[in-house]
Protein chains: 2
Amino acid sequence: MESPPVRPPADPPTATALKLFVVLNRALAAVQAHALADIESQGLTEGEFAILEALYHKGPLLLGDLQRRILVSSGGTTFLVDRLEKRGLVERQLCPSDRRARYAVLTAEGTALIGHIFPAHAESIRRAMSGLGLADQRAAITLLKTLGTEAEALPIEAL
Amino acid sequence: MESPPVRPPADPPTATALKLFVVLNRALAAVQAHALADIESQGLTEGEFAILEALYHKGPLLLGDLQRRILVSSGGTTFLVDRLEKRGLVERQLCPSDRRARYAVLTAEGTALIGHIFPAHAESIRRAMSGLGLADQRAAITLLKTLGTEAEALPIEAL
DNA sequence: TCGCGTTATCTCACTACTGAAATAAATAGC
DNA sequence: GCTATTTATTTCAGTAGTGAGATAACGCGA
């Protein structure tokens, strides 16, 4: 059963886009491996850490806003907040203006934990990114911001 | 229980790295949403698709090589190849020079399937990336390749 | 040839999450 | 003010994947 390899698309726009997709995947995976190391060493998952971090830097957030921010499903948000609540790191609070909504708020314990972990996390991200100089990082930010914004705006096309 | 937001790090190298991490995550998520749409419409997972694609363009591959290529755990590779094998899309073949190793090879049916899906997939990636012009995509590729390579080379630091 | 560290794959118990449906409250139009 | 639509969260069954350990084979040096 021979499977002669098939050449990838040669037309420049498609070939370039595919290559960009590959390096995007690999770059994120490589950087994430560093980030994950210090998150998991604290007994947190990525999702849990993302929530603590968001609340730490933004203050109380409605679950829906949290969800958009951390890129997790709605069920996942409930699940993650449940777990953090059971550990006493976060609590839910009622929203005065909308009885359907709930705020997630850091407890004192949660604030202490993320306040302790975050600096080391920031440092390990800085280190993971250090293959690029500051100017290159800024250039990458500009490009990726455009890419992300435009791709989000584009409707997902069914086949 | 007030949680006054804490300012993120202000020193430029750390602040820039963190921002880059955020936009990297968001850009990939946005592009992947497009890619996922056409993969799942064929009843495949991302991992399954990645394997079919790798075999299609590279020919038979040892499981270990596959694993490195698709960024999945060793157990995951076995699991994914099992599933594709059960569906008759892939087979395992013995490696003549190493009795521990196995090749994964596309069957005729697998070749037909990926040959049918891939062009649409390539097109939807091209479309997802179209927020960036060709020159910008090339610039992004260069930056991300460096970033990924350097981050992979850097030892993961335990806290 | 023997032993030993390494490498390739597999097994399997476990888990973090997804996605679809349910509930409930807010809002818009009539 | 009533109905229909939309929005916010929760529930829960299901799943794709992980990761640690097991097994087997390789290959190097003594």
Side-chain angles (χ1 to χ4, degrees), chain A residues 25 28-29 32-33 35-37 39-52 54-55 60-87 89-105 156 158, chain B residues 25 28-29 32-33 35-37 39-52 60-87 89-105 156 158:
Chain A
N25 267 288
L28 181 59
Q32 237 166 9
L36 227 54
I39 289 172
E40 289 180 346
S41 77
Q42 303 295 326
L44 294 171
T45 67
E46 229 190 315
E48 290 169 335
F49 179 85
I51 288 182
L52 295 179
L55 298 178
L61 247 33
L62 293 175
L63 292 199
D65 294 337
L66 246 187
Q67 184 194 335
R68 264 159 247 130
R69 207 157 206 293
I70 67 174
L71 307 174
V72 159
S73 68
S74 65
T77 308
T78 298
F79 176 69
L80 289 170
V81 172
D82 278 353
R83 235 171 20 187
L84 292 169
E85 203 166 24
K86 273 176 203 141
R87 284 209 229 165
L89 301 174
V90 159
E91 344 177 288
R92 283 178 170 87
Q93 281 179 11
L94 298 176
C95 171
S97 64
D98 185 340
R99 280 192 299 166
R100 295 169 303 177
R102 301 277 179 274
Y103 283 103
V105 190
I156 305 259
Chain B
N25 266 288
L28 182 58
Q32 236 166 8
L36 227 55
I39 288 172
E40 289 180 347
S41 77
Q42 303 294 326
L44 293 172
T45 68
E46 230 190 314
E48 291 168 336
F49 179 86
I51 289 182
L52 295 179
L61 247 34
L62 294 176
L63 293 198
D65 293 337
L66 247 188
Q67 184 194 334
R68 262 159 248 131
R69 208 157 203 292
I70 67 174
L71 307 173
V72 159
S73 67
S74 66
T77 308
T78 298
F79 176 68
L80 289 170
V81 172
D82 278 353
R83 235 168 24 186
L84 291 169
E85 202 166 24
K86 272 176 203 141
R87 285 209 230 165
L89 301 173
V90 158
E91 344 177 287
R92 283 179 169 87
Q93 280 180 11
L94 297 176
C95 172
S97 63
D98 185 341
R99 282 191 296 165
R100 294 168 303 175
R102 300 279 177 272
Y103 282 103
V105 190
I156 306 259

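Both backbone and side-chain heavy atoms feed into the values below; hydrogens, waters and symmetry mates do not. To find a chain, count down the sequence lines: A is the first, B the second, and so on, and within it residues start at 1.
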Tell me the interatomic distance from [X], atom [atom1], to [N], atom [atom2], rounded to whole angstroms.
| X | N | atom1 | atom2 | result |
| --- | --- | --- | --- | --- |
| B:L66 | C:dC10 | CG | C1' | 15 Å |
| B:R68 | C:dT9 | CZ | P | 8 Å |
| B:E40 | D:dA16 | CD | P | 10 Å |
| B:L80 | C:dT11 | CG | P | 14 Å |
| A:F79 | D:dG14 | CZ | C1' | 13 Å |
| B:L62 | D:dA25 | CG | P | 16 Å |
| A:K86 | C:dA16 | NZ | P | 12 Å |
| B:R99 | D:dT23 | CZ | P | 18 Å |

Exercise: identify the closest heavy-atom pair between A:I70 and A:A50: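 In this case the closest contact between A:I70 and A:A50 is CG2-CB, 3.7 Å.
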Nearest to the [X] side chain among [options], which nucleotide is it?
| X | options | result |
| --- | --- | --- |
| A:A101 | D:dA8, C:dT9, D:dT10 | D:dA8 |
| B:R83 | D:dT10, C:dT9, D:dA16 | D:dA16 |
| B:R102 | C:dT9, D:dA8, C:dA20 | C:dT9 |
| B:L63 | C:dA8, C:dT9, C:dT18 | C:dT9 |
| A:R100 | D:dA25, C:dT11, C:dA26 | C:dA26 |
| A:S73 | C:dA8, C:dA24, C:dT18 | C:dT18 |
| A:D98 | C:dA8, C:dA26, C:dC17 | C:dA26 |

message: So B:V90 and B:E48, do their side chains get closer than 4.5 Å, heavy atoms only?
response: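 A side-chain contact is absent here, since even the closest heavy-atom pair is not under 4.5 Å.
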task: Look at all strands and tell whether B:T45 reaches a base, only sugar-phosphate, or nothing, counting heavy atoms closer than 4.0 Å.
output: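 Sugar-phosphate only.
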- request: Pick base, sugar-phosphate or nothing for A:G64, based on heavy-atom distances below 4.0 Å to the nucleic acid.
  value: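 A:G64: backbone/sugar contact only, no base atoms under 4.0 Å.
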- prompt: Between A:S74 and A:E46, which has a closest nucleotide on DNA chain C that is more 5'?
  reply: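 The residue mapped nearer the 5' terminus is A:E46.
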message: Is the phosphate of C:dC10 approached by B:R92 (side-chain N or O, under 4.0 Å from OP1 or OP2)?
response: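 For C:dC10, OP1/OP2 do have a side-chain N/O of B:R92 under 4.0 Å.
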- prompt: Mapping A:L36 and A:T77 onto DNA chain D by nearest heavy atom, which one lands closer to the 5' end?
  reply: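 The residue whose closest nucleotide sits nearer the 5' end is A:T77.
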I need the [X] [atom1] to [Y] [atom2] distance, nearest 0.5 Å.
| X | Y | atom1 | atom2 | answer |
| --- | --- | --- | --- | --- |
| B:R102 | B:Q93 | CZ | CD | 11.0 Å |
| A:L66 | A:L61 | CG | CG | 5.0 Å |
| B:T77 | B:R69 | OG1 | CZ | 13.0 Å |

